[in-house]
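Please read these numbers as outputs of a predicted model, since none were measured by experiment.
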Protein chains: 2
Amino acid sequence: MPRDAELRQSNTHVAREIAKLIVSGVWHEGWTLPREIELASQFSVSRTSIRESLSVLKAKGLIAARQKAGTHVRERINWNMLDAELLEWAWALRPTEEFARQLTQVRRIVEPEACAICAERGSDADLARIERAYREMDAAGMDSRAYSEPDLRFHRGILTATGNDFLVAFGATVEAALRMSFDLSTLNPGAPRKSLPYHRAILDEIWARNPDGARRAMHRLMDLTERNIISALSRRHGEAMAAADASREHDA
Amino acid sequence: MPRDAELRQSNTHVAREIAKLIVSGVWHEGWTLPREIELASQFSVSRTSIRESLSVLKAKGLIAARQKAGTHVRERINWNMLDAELLEWAWALRPTEEFARQLTQVRRIVEPEACAICAERGSDADLARIERAYREMDAAGMDSRAYSEPDLRFHRGILTATGNDFLVAFGATVEAALRMSFDLSTLNPGAPRKSLPYHRAILDEIWARNPDGARRAMHRLMDLTERNIISALSRRHGEAMAAADASREHDA
DNA sequence: AGTACATTTTATGTCGGTCATATTATCGAA
DNA sequence: TTCGATAATATGACCGACATAAAATGTACT
C-alpha cells in the first residue's frame with residue numbers, strides 16, 4: 001500500500017493539510033503564512049518536517065519563501081494544478097461541480113487530439129497494450145474498482161503512444177478524472193460500464209489507422225463521460241437537498 | 001531578482017543537478033540512487049539539504065523513496081513534465097529538437113481551443129487585459145526581450161479568460177515555449193516580431209466573439225511559431241555542422 | 001532440504017538545536 | 001527630513017542522535 005504508507009508519513013500529512021488551507025482559500029493569495037516555528041507547534045511536528053512539507057508545496061508552485069520576509073501564498077496562476085497530488089488533494093478536499101466541469105473540459109480538448117496522433121503514429125506494440133487494457137475492462141464486469149484500473153491504462157496507453165512526453169504527463173489529469181468518476185459511481189452504478197462499447201469503437205478506429213475517426217470516437221466517449229458526471233452530480237445535489245429537507249422535518 | 005536568488009540557494013542548485021542526471025538519462029528509470037549520506041558528501045552539502053532537494057524532486061514525480069529500500073527514479077509516466085521548473089531545467093540542460101517538437105505539438109492542441117473558449121466566455125475585463133498585452137508587444141519594437149514578456153501575458157491572458165484552472169496551469173508550458181523561442185531568437189532575429197499581426201488577428205476574432213475564427217487565428221499563429229522554431233533549429237544544426245567542418249580543417 | 005518465524009541490519013524519517021544569511025525595520029547623525 | 005549605520009528576525013544550512021520500517025539474515029521446526 002504505497003499510497004497509504006505515504007499518507008501515514010507526517011510530512012505528507014502536513015503538506016496535505018496546508019495545501020487544504022490554501023486550495024480552499026482560507027489562506028488566500030498573497031497571504032503570509034505563520035513562521036515555520038509556529039507551524040511546527042501548530043502541527044506538533046519539528047521545524048525540519050515543516051520545512052520538508054513547505055518545500056513540497058514550493059515545488060508545486062503554491063507558495064514561495066524569502067528570507068526574513070516570510071513565506072507567502074503565490075497567485076493561482078503559478079499553482080501547478082496539473083500535478084498528480086494536487087489534483088488528488090483538490091478533489092478530495094473540495095469535490096465541487098466546478099472542479100468536475102473544468103477537468104472534463106480539459107480532457108475534451110486534449111484526449112481526442114492525442115487519440116488522433118495515436119492512430120497516426122502509435123506503434124503496433126502500443127496498440128496491443130491498449131487492446132490488453134480494453135480486454136481487462138471487458139473482463140471486469142460490473143465491479144467499478146476492477147473496471148477503473150484498466151480504464152486508466154487504456155487512456156494512458158493512448159497518451160504514451162503519441163510519443164509526446166507532455167501528453168504523457170497529462171495522464172495525471174486523466175487519472176484524477178477517473179478517480180472522480182469512480183467516487184461518483186456509487187451515485188450512478190453501472191455508468192462506467194456503459195462506456196465499454198465507446199472504448200471498443202476508439203480502439204477499432206486506432207487499429208484502422210484512421211485519425212479523424214479516432215478523434216471523433218474519443219469525442220463521443222468524452223460526451224458520454226460528461227453526461228455521466230453531470231447526472232451523478234445533480235443526483236448528489238438532489239440527495240443533499242433531500243437530506244436537508246429531512247433534517248428540517250426532523251427539527252420541526 | 002527572485003529567479004537568480006533562488007538559483008543561488010544551494011538546495012535549488014542540488015535539485016537541478018540531480019534533475020539533470022535523471023532527465024538526461026544518466027540515472028535511468030528504476031535506478032536506485034546513492035544513499036542520502038553519500039549524496040551529501042558528493043555535493044558537499046549536509047544531509048538536510050540533500051533531503052530538501054530530494055523532496056522537491058519527489059513532489060515533481062521524478063523519484064520516490066521507501067525506508068530501507070532507498071530512493072529510486074520513477075518511470076517517466078509519473079514525471080510531471082508540465083511543471084514550470086522541470087520544463088525550464090529540461091530545456092536548459094538538453095535543448096533538443098525533439099523537446100521543441102513535442103512542446104509545439106502540445107501548444108497546437110491546447111491553445112486554439114482555449115482561444116475559442118476565451119472568445120465565447122471571456123469577460124470584457126479579460127479581453128482588455130489581453131489588448132493591453134498586445135499594445136506592449138507592439139511598442140516593444142525589435143527588442144526580443146521586451147517583446148517576449150508581454151507575449152507571455154497575451155497567451156496567459158487567453159488561458160485565464162477561459163476561467164479554467166487547468167488551462168491556466170498550462171501557462172507554464174507556454175512560458176517554456178516562449179523561453180525556447182527567445183533562446184533561439186539570436187539565430188533568427190526578428191522572427192518573433194513577425195508574429196505581431198497574427199496576434200492582432202486573434203484579438204480581433206476574440207473581440208468579435210467569434211470562437212471558430214479565434215481558433216483558426218490561433219492555429220495560424222501556431223503554424224508560424226512552428227516554422228520559426230524549425231528553421232532556427234535547422235540553422236543551429238547548420239552552424240554546428242559548419243563548426244565541425246572548421247574544426248576538422250583546423251585539425252588537418 | 002525447505003519453510004515459517006524471529007532477529008539483525010540499514011536507509012529513510014523525525015527530532016532538537018546552532019549558526020549563517022539576507023532583508024526588513026529601527027535608530028541616529030548630518 | 002533624509003540618508004546611512006545598526007539591530008532584529010525569518011528563512012536557509014548544518015549537525016548529531018534517535019525512530020521506524022522493511023529488507024536481509026539467521027534459526028528452529030517440520
Margin query: Restricting to side chain to side chain donor-acceptor pair (under 3.5 Å), what partner residues turn up for B:Glu29, sequence neighbours left out?
Written below: none
Notebook entry, point to check: Which residues pass the side chain to side chain donor-acceptor pair (under 3.5 Å) test with A:Asn228, sequence neighbours left out?
Noted result: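 Applying side chain to side chain donor-acceptor pair (under 3.5 Å) to A:Asn228 gives none.
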Next item on the list: Would you please say whether a donor-acceptor pair under 3.5 Å links the side chains of A:Ser123 and A:Asp126?
Entry: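 Result is yes, a qualifying pair exists.
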Note to self: Please give me every residue in residues 43-50 of chain B whose heavy atoms get under 4.0 Å of an atom in DNA chain C, ordered by residue number.
What the structure shows: B:Arg47
Separation of atom [atom1] in [X] from atom [atom2] in [N], rounded to whole Å:
| X | N | atom1 | atom2 | result |
| --- | --- | --- | --- | --- |
| A:Leu54 | D:dA13 | CG | P | 14 Å |
| A:His13 | C:dG13 | NE2 | P | 17 Å |
| B:Leu33 | C:dT12 | CG | P | 8 Å |
| A:Leu39 | D:dA10 | CG | P | 12 Å |
| A:His72 | D:dT11 | NE2 | P | 12 Å |
| A:Glu38 | D:dT9 | CD | C1' | 12 Å |
| B:Glu52 | D:dC14 | CD | C1' | 11 Å |

Residues in salt bridge (Lys or Arg N to Asp or Glu O under 4.0 Å) with [X], at least two apart?
| X | value |
| --- | --- |
| A:Arg94 | none |
| B:Asp83 | B:Lys60 |
| A:Arg51 | A:Glu36, B:Glu52 |

Test ring pair (Phe, Tyr, Trp, His ring centres under 6.0 Å) applied to [X] - qualifying residues, sequence neighbours left out:
| X | value |
| --- | --- |
| A:His28 | A:Trp31 |
| A:Phe99 | A:Trp91, B:Phe166 |
| A:Phe154 | A:His199 |

Tabulate atom names and distances for all N/O pairs under 3.5 angstrom spanning the protein and nucleotides 9-11 of chain C.
{"from": "C:dT10", "atom 1": "O4'", "to": "B:Lys68", "atom 2": "NZ", "distance (Å)": "3.0"}
{"from": "C:dA11", "atom 1": "OP1", "to": "B:Arg35", "atom 2": "NH1", "distance (Å)": "3.0"}
{"from": "C:dA11", "atom 1": "OP2", "to": "B:Arg35", "atom 2": "NE", "distance (Å)": "3.3"}
{"from": "C:dA11", "atom 1": "O4'", "to": "B:Lys68", "atom 2": "O", "distance (Å)": "3.3"}

Next item on the list: Anything below 3.5 Å on both distances counts as a pair; with that, list the stems of at least three consecutive Watson-Crick or G-U pairs involving DNA chain D.
Entry: C:1-30 with D:1-30
Next item on the list: Might you confirm whether atom CZ of A:Arg135 has over 12 heavy atoms from other residues, nucleotides or ligands at distances under 6.0 Å?
Entry: no
Note to self: Does a side-chain N or O of B:Asn11 approach OP1 or OP2 of D:dA13 to a distance below 4.0 Å, or not?
What the structure shows: yes
Next item on the list: Keeping to residues at least two apart or across chains, list the salt bridge (charged side-chain N to carboxylate O under 4.0 Å, His left out) pairs with something in residues 18-27 of chain B.
Entry: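 For residues 18-27 of chain B: none.
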